[in-house]
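Because the structure is a prediction, the values reported are computed rather than measured. Only this structure's heavy atoms are used, side chains among them; waters, hydrogens and symmetry mates stay out.
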Amino acid sequence: MREKVKSIIDKYLKDKGYSLEYAIEYPKNERFGDYSTNFAMILGSKLKKNPREVANDFVNNLCTDIFNKIDIADPGFINFYIKKETFLKELLKIAKNKENYFKSKINKQKFIQVEFVSANPTGPLHVGHGRGAAIGDSIARILKFFGHKVEKEYYINDAGLQMELLGQSLYARYKQLLGIDDALPEDGYKGEYLIDIARELIVEYGENLLKMEESKVIEFCKNKASETILKDIMDTLEKFRVSFDKIFNEKHLYQSNEVEESLNLLKEKGVVYEKDGASWFKSTNFGDDKDRVLKRKNGAFTYFASDIAYHRNKFLKRGFDEVIDIWGSDHHGYVKRVKSAIEAMNIDSEKLKVILVQIVNLLRNGEKISMSTRKGEFVELENVINEVGVDAARFMFVSRSIDSHLDFDLELAKKQSNDNPVYYVQYAYARINSILNQLENETEVDLENVLNLKEKEEIDLIKSLIKFKDLLEKAFKERDPYFITKGLLGISEKFHRFYNKHKVIGSEKNIFKARLLLIKTVAVSLKLGFDLIGIEAKKRM
RNA sequence: GCCCCGAUAGCUCAGUAGGAUAGAGCACAGGAUUCCUAAUCCUGGUGCCGCAGGUUCGAAUCCUGCUCGGGGCACCA
């Protein structure tokens, strides 16, 4: 619909030989029509002409019948009032095309990777990971819906010091349980979960591990701990309806020699130099604050080095057209250097989109829950899911724009009332199904029937569906599922209003048919939105 | 010290590539159900858009400086 209006304006501009950028918006106030544009003001100032004159010329040259009226308002807005019939025809179009109505065309299919969560298997996931998971998974669903080829990936840094510490920590716990006095390494992992794993070791192996060579047993503990924890992480994610196409290990980049190759590639490009016994990447050439170390004095590669290899692998080995990395906002200092490295390898850094997810504050009845490790249990994603349910959690996580802090109140997420937006939208869907359950056969509906819709609540509801299409497109283009929740709330609000004022069952036959079509179409639209953010379309509540 | 993000109603947030009287939910008060689920709907008002300048027909939005909050500035991951 919006495109229709836009194409009319574009055609006018083209005929006149102008090209300019302008806005078409939904006016905040209903009395300014259904759509409004500022192009006359922009063109007016360009041509040094009165915007009203420009607007008048546009209106006088118009030939289309989709509008009821067109107003020119000060200081030069053009307000379009769309005919009721135009909306009703649009409703038929949605009803006919179902989900496909909401898909706008893409120029070409791209092969896109979405990499998210990527938490090291050194401990359970916390709520911050949960937000990243909900966002990443939803983005992948949205991209797929619009026709792109998508691969979801989880990256594990299993080559570094952290995993070593994990192994040592587990071994220490194991010894402690056997009554041997041993302290956790400094900066070791203190969580309870390692004690549980240590117990499993005792059940399986008794005291036998003590007989092994120290380096071997730590290696063994490292693998045991990471495998166990990774499995727990994946279980939690599965429960959260998040799955991955691939788990990628940092180790692989060393085994396949890709870290070395990447370093050589950068050397060939002349952006690596030696200083103080270390190898440095000249990232300042690409706008970074300072140069970064790739290979340390002690001969070990930095995490950054393997990350360069990883991104080279994504673009050059696997050929993604676009890569979306979803990181916690505390990693933002990292963006510049990774992009620098990508550019140094002659890859268009625009192809890498790093999405930084803002932090989550977990609240209970408005009180902030401490994030300290002592109370660590509370902030575990697993516990949150168990407490409030997957639907509420996923909805909450994507219900604010990504770069906005999120206050997540556990009590609110559980409330079964209109405070809670999750139930508000799900309830709308359930109400529709409750009506449909009481009916038997499908009825054929045509324009003739639909023309019977004339109540304000009916037209408003249709408008909310049309707007949903714009919001989906926005979610797609901005790569932010937040806009879907916005659309779902909009449709639900209009539906509840309609429902309270008008009957479907028992209304006059033609009206009944038309309303039935209307609510079925609403159900299809809601269902689509639910699917895209991974929440359940409940038929009863 | 340098860099990034934020600051909008009592609270949580929108504000769509500068536009019309700055919006929504919650909270608060009152009302609606003989009838498709009241987890719903209707009616009420609230703002130095952090501060100060600038750009222009027009700024919450763009520019500059400042204040406050969060985060980042390793041969850690």
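Closest approach to the A:Tyr499 side chain among B:rU12, B:rC73, B:rA38 is made by B:rA38 (side chain taken as heavy atoms from C-beta onward). The A:Arg497 side chain lies nearest to B:rC42 when the options are B:rC36, B:rC42, B:rC13. For A:Asp330, the listed nucleotide lying nearest its side chain is B:rG71; candidates were B:rU40, B:rA39, B:rG71. Comparing B:rC36, B:rC75, B:rG70 by their closest approach to the side chain of A:Ile359 singles out B:rG70. In this structure, of B:rA20, B:rA77, B:rC75, it is B:rA20 that holds the atom nearest to the side chain of A:Pro27.
Remark: A:Tyr303 pairs with A:Tyr334 by the ring-ring contact (aromatic ring centres under 6.0 Å, His included) rule, at least two apart or across chains.
Contact annotation: A:Arg296 side-chain N/O to B:rA74 OP1/OP2 distance is not under 4.0 Å. Considering only side-chain N and O atoms, A:Ser492 lies nowhere under 4.0 angstrom from the phosphate OP1 or OP2 of B:rU40.
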**Asked** Could you spell out the base pairing of RNA chain B in dot-bracket, with Watson-Crick or G-U pairs whose two distances are under 3.5 Å, [ ] crossing and | to another strand?
**Response** (((((((..((((.....[...)))).(((((.......))))).....(((((..]....))))))))))))....
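Of the residues near RNA chain B, A:Lys295 and A:Gly333, the one whose nearest nucleotide (by heavy atom distance) lies more toward the 5' end is A:Gly333. Annotation: of the two residues near RNA chain B, A:Arg540 and A:Leu161, the 5′-most nearest-nucleotide partner is A:Arg540.
The base of B:rA20 is paired with the side chain of A:Ser36 by a donor and an acceptor separated by under 3.5 Å. Checked by distance alone, A:Asp71 brings no side-chain donor or acceptor within 3.5 Å of a matching partner on the base of B:rA20. Scanning atom types as modelled, one donor and one acceptor separated by under 3.5 angstrom connect the side chain of A:His332 and the base of B:rG71.
Between A:Phe248 and A:Tyr310, the angle of the ring planes lies from 30° to 60°, which puts this pair in the tilted group. By the 30° and 60° cut-offs, the orientation of the rings of A:His311 relative to A:Trp327 is perpendicular.
Using a 4.0 Å heavy-atom criterion, one finds that A:His331 contacts the bases of the nucleic acid, with or without backbone contacts as well. Using a 4.0 Å heavy-atom cutoff across all strands shown, A:Arg292 reaches no nucleic acid atom at all. A:Ser401 comes within contact range of the sugar-phosphate backbone alone, with a heavy-atom separation under 4.0 Å but no base atom that close.
In this structure, a donor-acceptor pair under 3.5 Å is absent between the side chains of A:Tyr155 and A:Asp325.
What separates CD of A:Gln358 from C1' of B:rG72 is a distance of 12 Å, to the nearest Å. For A:Leu294 and B:rC75, the CG to C1' distance is 11 Å, given to the nearest whole Å. Distance A:Met41 CE to B:rU56 C1': 14 Å, rounded to the nearest Å. In this structure, OH of A:Tyr424 is placed 7 Å from P of B:rU40, rounded to the nearest angstrom.
Residues from residues 457-487 of chain A with heavy atoms under 4.0 angstrom of RNA chain B, sorted by number: A:Lys474, A:Tyr482, A:Lys486.
The main-chain N or O of A:Ala73 is never found under 3.5 Å from a side-chain atom of A:Asp71 such that the two would form a donor-acceptor pair.
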